[in-house]
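The structure appears below as structure tokens.
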Amino acid sequence: MHISADPRLTETEIYYNNLIKDLYNEAVPLLTSDPELERELNHDLSKLDTICIEIKKDLKDNVSNQEVIEALINNYRIKIRILNEMLLLLRQNDTIPDKSTDHEL
């Protein structure tokens, strides 16, 4: 759902959506080993998507409202922060050797 009234806002929305998509695609292979974490991430992103839809409804009423635009951008930044933190956690867990596979003599 793109907002066509302001081309700059549309460009911003495309930028953030592409960044979020790239981060999510990077996380997917790492999430296969932790289905609970994947469910949690998808739940959080879904809640933010719902908020984003509500913000966009407000924008349709008043596209020039800077406060509403800032709320939309903040929503995208929260998604990015969640994905970055998730990726950091997943990468850390991926680099910790699994002690159950260590074989001692």
Side-chain angles (χ1 to χ4, degrees):
M1 180 174 175
H2 294 289
I3 302 156
S4 59
D6 185 343
R8 292 172 299 168
L9 185 57
T10 301
E11 288 177 24
T12 301
E13 186 179 18
I14 291 168
Y15 167 79
Y16 280 115
N17 279 326
N18 286 335
L19 183 56
I20 290 164
K21 180 181 164 189
D22 290 346
L23 289 170
Y24 184 81
N25 288 339
E26 191 176 336
V28 167
L30 299 170
L31 286 168
T32 57
S33 62
D34 195 338
E36 180 60 33
L37 197 55
E38 183 176 15
R39 277 191 294 279
E40 183 180 326
L41 174 63
N42 287 329
H43 175 73
D44 290 347
L45 292 178
S46 177
K47 284 172 53 176
L48 288 166
D49 286 342
T50 301
I51 293 169
C52 191
I53 290 168
E54 293 301 314
I55 292 170
K56 288 179 183 182
K57 286 179 186 175
D58 290 342
L59 276 175
K60 283 185 179 180
D61 295 337
N62 185 5
V63 176
S64 64
N65 187 334
Q66 189 63 32
E67 189 175 308
V68 176
I69 293 170
E70 287 174 12
L72 180 62
I73 291 171
N74 189 47
N75 184 279
Y76 287 125
R77 288 179 178 162
I78 292 169
K79 284 184 186 180
I80 291 167
R81 189 178 75 231
I82 288 170
L83 284 163
N84 278 326
E85 289 174 4
M86 185 73 60
L87 279 168
L88 181 63
L89 177 66
L90 289 166
R91 287 183 188 125
Q92 287 173 347
N93 288 342
D94 200 38
T95 60
I96 297 172
D98 186 1
K99 293 181 182 180
S100 64
T101 60
D102 288 344
H103 299 287
E104 293 184 26
L105 296 175

Checklist line | For N42, side chain to side chain donor-acceptor pair (under 3.5 Å) partners two or more places apart | finding: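 Counting only residues at least two positions away or on another chain, N42 forms a side chain to side chain donor-acceptor pair (under 3.5 Å) with Y24.
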
Next item on the list: Test side chain to side chain contact (heavy atoms under 4.5 Å, CB included) on L9 and L72 and set out the steps.
Entry: CA-CA 10 Å; L9 185 57; L72 180 62; 4.2 Å; yes

Check: Taking all atoms of both residues into account, what is the closest heavy-atom pair of P29 and T32, and its distance?
Finding: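 Minimum heavy-atom separation between P29 and T32: O-OG1, 2.9 Å.
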
Notebook entry, point to check: Between I55 and N75, what is the shortest heavy-atom contact and its length?
Noted result: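 That closest heavy-atom pairing would be CD1-CB, 4.2 Å.
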
List the residues meeting side-chain contact (heavy atoms from CB on, under 4.5 Å) with [X], not counting sequence neighbours, and say none if there are none.
| X | value |
| --- | --- |
| N74 | I78 |
| D49 | K79 |
| E40 | L37, D44 |

Next item on the list: Not counting sequence neighbours, which residues clear ring pair (Phe, Tyr, Trp, His ring centres under 6.0 Å) with Y16? List them please.
Entry: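 Y76.
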
Check: For E70, which residues count as a salt bridge (Lys or Arg N to Asp or Glu O under 4.0 Å) partner, sequence neighbours excluded?
Finding: none

Checklist line | Non-neighbouring partners of R77 that pass salt bridge (Lys or Arg N to Asp or Glu O under 4.0 Å), sequence neighbours left out | finding: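 Partners of R77 under the salt bridge (Lys or Arg N to Asp or Glu O under 4.0 Å) test: none.
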
Margin query: Between I69 and T12, is there a side-chain heavy-atom distance shorter than 4.5 Å?
Written below: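 The answer is no, as the side chains (C-beta and beyond) never meet within the 4.5 Å cut-off.
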
Interatomic spacing from [atom1] in [X] to [atom2] in [Y] - rounded to 0.5 Å:
| X | Y | atom1 | atom2 | result |
| --- | --- | --- | --- | --- |
| L45 | K47 | CG | NZ | 11.0 Å |
| L41 | L87 | CG | CG | 8.5 Å |
| L23 | M86 | CG | CE | 12.0 Å |

Checklist line | Single-linkage hydrophobic cluster, 4.5 Å side-chain cutoff, L88 and V28 together | finding: no

